[in-house]
Amino acid sequence: MNTVHLELVRIGKTFLDEKLGMETCAIAQIDLKIEKGQFVSFVGPSGCGKSTLLRIISGLENSFEGEVFLDGKRILKPHNEVGLVFQQYALFPWRTMCENIEMGLEIMGMGKTERRAVAKEYIRLFGMEGFEHLYPCQLSGGMQQRVAIARTLIMNPKVVMMDEPFGSLDSQTRNDMQEFLMDLRQKRNDTVLFVTHNVDEAVFLSDQIVVLSKRPARILRIFEINCSRPRDRTSKEANDIRREVIGILRRERMDTSPVGS
Amino acid sequence: MERYIPLLVLLCLWQALCSFGIVASYVLPSPIEIAIGFWDLLTVGMPPGHLLYYHILYSLYRVSLGFSVACVLGVPLGLLMGWSPRFHNLFSPIIEIVRPVPPLAWIPIAIVWLGIGIKSSAFIIFLGAFFPILLNTASGVLAINPILIDAARTLNATQRDIFFKVLVPGSLPSIFVGMRVGMGVAWMTLVAAEFSGVKEGYGLGFMIMTARDIQRPDEILAGMLVIGVIGFAVDWLFRTWESRIRLWG
């Protein structure tokens, strides 16, 4: 138990703008160890490099400093052991819900009847029966996001990453999705890395909240949340943590010292 | 129904101008004369014995030959150009030089190379259809949201998977646009292509050129109308085909 599952060692990222010949440092240095089955949220000012961090962990970025290890093995390219749910859902518009969810299995080479059976199971688990044959443009935002999550989870990745998955949903749908995600965790106990702007959301969902600084990103503080689940959004503990996180973020925003380059 | 009123008024006005002798019928035949000319094309033929039906079939044959070759070459090449920046870089200078040359300017050299006949006319039609298909396909690939490619990569997609499961279906709407534009240009070049490359004695372009030679403006205009209507029908067929295949938004 409690062994390190995902390890980030001195992660840094600098973008080079070729037109301007300018370098922008997005991530200064991040060291982090994450245990199996943890739900870890990343919060920080907008544009601080949270999404870039997830892209690095997923293996999508080619050039960055430092190393990412999953169960001791270095991640060098995208792999279905690390799943990523994108901010804008990134569903394939030409595939139906069912075909979107099956995409990973299809790439694996699983036969049609077999993968359809697995997809059906996930569609039921996600409460989306009856919509299987609709295209993404025919689905609501909340439903599209569930399809995106199902498409990632069906591969049973060791780490599930979500990049502001509920950012564009209205607050009611957002709450529903948060609760849905918690129910899902009861059943599956995935390791989740979750990027959000929303401190309430982070407090409601996470075992750990990692607060990042503005660009170039580094870790300002890590909160451990041990409240039992299901959580009360208005409990005293939740409020205390929320207040503290918001305080750190506000100070970070007020601090006008020049951004390092 | 309201939308057809101006057309009807125009036709009546036209007929009146001709009937009262204000416009000479060797310059502009009246709608009724054109209708009779159309009937002559169906029953007598132009030149006599060469019926409209066969002209249409020969023209469709030439257009489909040139157009099919344009699709077979244009779509894969366009996919490759959109997919690989290197490929794009290597081929775009050639394309940018050849593309602005009007297809009709190729007629003389086409006759030298391929002789008068189906090959040279299909070649001209091919040139007209090829570039819209190629460029629309390539820009369709380039317009695919890169995040979809990333999404496929996180699902372990190989380059081959990305090509066939993301780039091809993702550019399908643009491929259809390219094919429809290409088909339109193919019809436009048809008349000129048949001007150069007909030895069978059939073809809509050949038909209206012959009608001009023997001073039958009614049959020229009837022939033009036929070309227009067939062009419209073919476009309609493409749109229907697209809506069958492309079920998403």
Side-chain angles (χ1 to χ4, degrees), chain A residues 51-52 54-62 75 77-97 99-110 115 133-139 144 147-157 159-163, chain B residues 71 75-76 78-79 82-86 88-89 133 136-180 238-249:
Chain A
S51 300
T52 310
L54 292 195
R55 288 179 60 88
I56 288 172
I57 299 169
S58 72
L60 286 170
E61 290 290 328
N62 294 322
I75 297 176
K77 64 179 181 64
H79 195 278
N80 51 21
E81 285 187 345
V82 184
L84 177 56
V85 177
F86 292 83
Q87 192 174 354
Q88 312 98 315
Y89 317 146
L91 297 177
F92 303 109
W94 53 85
R95 289 179 158 247
T96 61
M97 171 194 286
E99 290 165 346
N100 261 287
I101 294 174
E102 286 173 2
M103 177 76 160
L105 301 176
E106 189 181 319
I107 287 168
M108 260 172 58
M110 188 185 279
R115 65 176 192 250
H133 302 297
L134 295 185
Y135 288 90
C137 63
Q138 298 168 305
L139 303 171
Q144 288 186 43
V147 176
I149 295 170
R151 183 178 66 180
T152 302
L153 290 187
I154 201 170
M155 303 308 289
N156 281 318
V159 176
V160 181
M161 301 193 291
M162 301 190 190
D163 188 0
Chain B
C71 288
V75 171
L79 287 170
W83 187 38
S84 147
R86 181 140 177 245
H88 193 277
N89 223 15
I133 295 174
N136 274 290
T137 304
S139 72
V141 176
L142 291 170
I144 291 173
N145 191 345
I147 208 140
L148 294 178
I149 295 169
D150 285 342
R153 288 178 65 204
T154 62
L155 297 169
N156 241 6
T158 59
Q159 286 294 312
R160 190 191 146 88
D161 291 323
I162 290 171
F163 189 82
F164 286 107
K165 293 187 199 294
V166 181
L167 301 187
V168 172
S171 56
L172 201 62
S174 299
I175 293 175
F176 268 105
V177 171
M179 292 207 293
R180 282 177 58 197
F238 267 91
R239 271 179 292 151
T240 312
W241 182 33
E242 182 182 7
S243 65
R244 285 280 167 80
I245 289 182
R246 192 163 83 89
L247 300 166
W248 66 92

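Chain A is the first sequence line, chain B the second, and so forth, proteins listed ahead of strands; every chain is numbered from 1.
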Chain A contacts, top residue of B/Thr158, B/Thr154, B/Asn145 (heavy-atom pairs, under 4.5 Å): B/Thr154
Stepwise side-chain contact (heavy atoms from CB on, under 4.5 Å) test for A/Leu84 and A/Leu60: CA-CA 10 Å; A/Leu84 177 56; A/Leu60 286 170; 3.9 Å; yes
Under 4.5 Å from any heavy atom of chain A - which part of B/Leu172: neither
Options A/Cys137, A/Gly104, A/Ser58, A/Pro93, ranked by heavy-atom pairs under 4.5 Å with chain B, top entry: A/Pro93
Short N-O contact, A/Arg55 and A/Asp163, less than 4.0 angstrom: no
Ionic contact status for A/Arg151 with A/Glu102, cut-off 4.0 Å: no
Which portion of A/Arg95 sits near chain B, non-hydrogen atoms under 4.5 angstrom: side chain
Structural part of A/Gln88 lying under 4.5 Å from a heavy atom of chain B: side chain
Check: B/Val166 and A/Trp94 side chains under 4.5 Å, non-hydrogen atoms: yes
Chain B contact via A/Leu91 - which portion, at a heavy-atom distance below 4.5 Å: backbone
Heavy-atom side-chain proximity of B/Phe163 to B/Ser84 below 4.5 angstrom: no
Most contacts with chain B, counted as non-hydrogen pairs under 4.5 angstrom, among A/Met108, A/Gln87, A/Glu106: A/Glu106
B/Ser171 side chain to B/Ser174 backbone, donor-acceptor under 3.5 Å: no
